[in-house]
Amino acid sequence: MTMHAVTFELIKKDHKTKARRGRVHTPHGSIDTPVFMPVGTAATVKAMRPEEIKDMGAHIILSNTYHLYLRPGHELIKAAGGLHKFMNWDRAILTDSGGFQVFSLGDMRKITEEGVEFRSHIDGSKHMLTPEKAVTIQNALGSDIMMAFDECAPYPADHNYVKNSLERTSRWLKRCKSAHNNTESQSLFGIMQGGMYRDLRCQSAQEIVNLDLPGYAIGGLSVGEPKELMYEVLDYATDYLPENKPRYLMGVGSPDCLFEGVERGIDMFDCVLPTRIARNGTAMTSRGKIAIKNAIHEKDFDTLDPECDCYTCQNYSKAYLRHLYKSNEILSSMLLTNHNLHFLIKLMEKIRYAIETDHFSAFKKEFMEKYYGNLEEVKCL
RNA sequence: GUGGAUAUAGUCAAGUGGUUAAGACACAGGGUUGUGGCUCCUGCAUGCGUGGGUUCAAAUCCCAUUAUCCACC
């Protein structure tokens with residue numbers, strides 16, 4: 001039995017669904033699950049100070065291997081005393097491996113058995129990322145949870161391509177595990193691939209679970225496929241993962257997807273959605289999304305969400321927020337980001353409470369009706 | 001009063017005889033799911049100060065007129 005820096009405690013299971021209430025323990029504190037993790041790609045959750053994210057109840061945030069490797073460089077962050085110290089965040093950090101960037105940065109890259117050769121999006125310089133390198137970088141960063149270096153297959157992709165890709169990802173995972181030697185302070189999570197194919201999801205799961213890692217992620221979803229298809233994959237994907245380890249659905253963060261994921265046994269989520277749409281003028285509220293730039297809010301002196309107790313909703317009107325957005329003021333991003341993150345983090349708190357008190361399904365129904373107007377339309381999204 | 005210049009969308013403007021009048025900003029709507037994002041997409045003048053005329057064809061040429069600006073009396 002390997003000793004892991006990160007451990008999972010399963011506290012309660014929902015009776016009607018696969019939803020679970022748990023707790024992830026890390027060297028930088030514990031995280032109640034299901035949890036939504038704000039994304040701070042470049043060692044900062046855009047427009048937020050660490051204190052703000054803490055105050056709204058976040059206990060873990062994400063950062064990114066690829067981006068920090070290119071700028072400012074992992075050696076510099078190591079010299080600064082590690083990522084926690086560098087960015088003034090003393091709670092848990094999960095770092096993505098750069099596998100997703102290989103997928104999203106598209107063109108200028110070449111995937112081989114050894115790893116991925118790519119060009120920097122910053123200056124065009126040539127680099128090679130391998131499983132070993134991704135681990136080395138994440139070791140230097142000192143994140144609590146390191147993600148395996150994987151290939152996120154695109155959608156659509158044929159069975160043969162996805163099979164080859166997942167098998168290579170499994171081989172890469174073994175290399176990641178071998179390269180990772182400070183298991184007492186950092187934990188490595190594996191990533192399941194397999195696209196939209198059930199047999200491949202099963203195969204991928206078996207291969208990664210064999211390595212007895214402290215946690216497993218489901219990757220390769222939310223890459224452009226219809227939501228219904230993602231739910232279909234999730235229906236069985238979580239069953240292939242061990243019950244006593246945290247399950248992390250990568251890149252998912254719209255409220256409906258969070259509910260659907262939790263319902264299918266997901267414990268951890270991350271997504272740029274709340275922070276990105278905040279910067280682009282959209283707020284998530286208990287009554288659905290609000291595009292603050294719309295003319296209808298010009299003289300609306302009410303707050304974004306009457307049910308919200310975030311800093312923004314305590315102090316500012318929609319008319320003011322609209323003005324800030326239209327004027328391109330920095331405070332617009334700050335206030336809307338604060339609100340959206342607060343909204344999702346509180347939503348997850350409510351979901352955890354609902355699981356604890358055995359009314360998850362009822363809470364889901366209540367929330368969805370209010371957020372999306374009526375449930376019939378949600379299926380069409 | 002005389003001479004000159006300019007009048008094209010809410011604003012700044014391209015176009016100087018030939019198919020549905022660039023572009024930018026503003027305005028209006030939409031998108032965004034392991035962040036290459038204070039971003040991307042879409043819409044927005046049947047109309048070129050006004051009235052005539054020339055021409056197969058005029059924002060473009062001609063005449064008149066109005067407004068604004070600049071010089072000089």
Side-chain angles (χ1 to χ4, degrees), chain A residues 36-47 60-68 70-71 94-109 118-124 134 138 143 145-153 155 169 189-193 215-227 230-231 247-258 260-261 266 268-284 289-298 322 324-337 340 344 381:
Chain A
F36 175 79
M37 307 180 280
V39 178
T41 302
T44 166
V45 176
K46 294 187 198 302
I60 180 169
I61 60 173
L62 245 75
S63 202
N64 188 278
T65 300
Y66 168 90
H67 289 280
L68 295 181
L70 288 181
R71 187 169 58 194
L94 181 153
T95 43
D96 192 14
S97 65
F100 184 76
Q101 278 63 43
V102 168
F103 155 79
S104 67
L105 295 176
D107 344 320
M108 294 307 284
R109 55 125 215 249
F118 64 94
R119 283 187 178 280
S120 161
H121 70 278
I122 299 167
D123 62 7
Q138 293 183 84
S143 51
I145 299 173
M146 324 182 343
M147 296 309 298
F149 186 63
D150 67 330
E151 184 199 347
C152 179
Y155 174 83
T169 287
F189 277 24
I191 304 174
M192 178 208 287
Q193 289 293 339
Y216 298 98
I218 297 174
L221 289 180
S222 197
V223 288
E225 78 282 9
K227 281 185 182 181
M230 178 175 86
Y231 299 153
R247 304 161 181 162
Y248 163 29
L249 177 57
M250 308 183 81
V252 164
S254 64
D256 54 329
C257 291
L258 293 176
E260 300 296 337
I266 300 294
M268 305 163 71
F269 302 86
D270 83 282
C271 195
V272 304
L273 192 66
T275 46
R276 177 180 288 169
I277 66 176
R279 274 176 278 121
N280 294 330
T282 299
M284 294 172 168
K289 288 198 288 185
I290 290 179
I292 202 64
K293 68 181 167 186
N294 287 4
I296 194 172
H297 305 117
E298 186 182 11
R322 177 172 194 271
L324 291 180
Y325 181 78
K326 300 287 284 183
S327 310
N328 242 308
E329 286 294 337
I330 293 169
L331 189 58
S332 170
S333 291
M334 294 166 66
L335 294 178
L336 285 176
T337 300
N340 280 354
L344 282 192
L381 289 176

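Quick note on labels: first sequence line is chain A, next is B, and so on, each numbered from 1.
Residues satisfying the side chain to side chain contact (heavy atoms under 4.5 Å, CB included) test with A:Arg119, not counting sequence neighbours, are A:Met108, A:Lys126. A search for side chain to side chain contact (heavy atoms under 4.5 Å, CB included) contacts involving A:Ala217 returns A:Met147, A:Ile191, A:Tyr248, A:Met250, not counting sequence neighbours. Scanning for ring pair (Phe, Tyr, Trp, His ring centres under 6.0 Å) contacts around A:Phe189 gives an empty result, with sequence neighbours left out. For the side chain to side chain donor-acceptor pair (under 3.5 Å) test, residues two or more places apart in sequence or in another chain that qualify with A:Ser143 are A:Thr95. The ring pair (Phe, Tyr, Trp, His ring centres under 6.0 Å) test applied to A:Tyr155 returns no partner, not counting sequence neighbours. Scanning for side chain to side chain contact (heavy atoms under 4.5 Å, CB included) contacts around A:Ile296 gives A:Asn294, with sequence neighbours left out. Partners of A:Phe269 according to the ring pair (Phe, Tyr, Trp, His ring centres under 6.0 Å) rule, which considers only residues two or more places apart in sequence or in another chain, do not exist here. Qualifying side chain to side chain donor-acceptor pair (under 3.5 Å) partners for A:Tyr325, counting only residues two or more places apart in sequence or in other chains: none. The side chain to side chain contact (heavy atoms under 4.5 Å, CB included) test applied to A:Thr41 returns A:Val39, A:Asn64, A:His67, not counting sequence neighbours.
Residue contacts for A:Asp96: at a heavy-atom cut-off of 4.0 Å it reaches a base atom on one of the strands shown. Among the atoms of the strands shown, base atoms are found under 4.0 Å from some heavy atom of A:Gly253.
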*Pairing string, 5' to 3', for RNA chain B - Watson-Crick or wobble contacts under 3.5 Å, brackets [ ] where pairs cross, | to another strand*: ((((((((.[[[..)..(....]]].(((((.......))))).....[[[[[..)....]]]]]))))))).
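Here A:Gln101 does not reach the OP1 or OP2 of B:G34: none of its side-chain N or O atoms lies under 4.0 Å away.
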Short N/O separations, protein against nucleotides 26-28 of chain B, under 3.5 angstrom:
residue	atom	partner	partner atom	Å
B:A28	OP1	A:Arg322	NH2	2.8
B:A28	OP2	A:Arg322	NH2	3.4
B:A28	OP2	A:Lys326	NZ	2.5

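Residues A:Lys289 and A:Asn64 both approach RNA chain B. Their nearest nucleotides, taken by heavy-atom distance, put A:Lys289 toward the 5′ side.
Near RNA chain B, meaning a heavy atom under 4.0 Å from it, residues 275-284 of chain A has A:Thr275, A:Arg276, A:Ile277, A:Arg279, A:Asn280, A:Thr282 in order of number.
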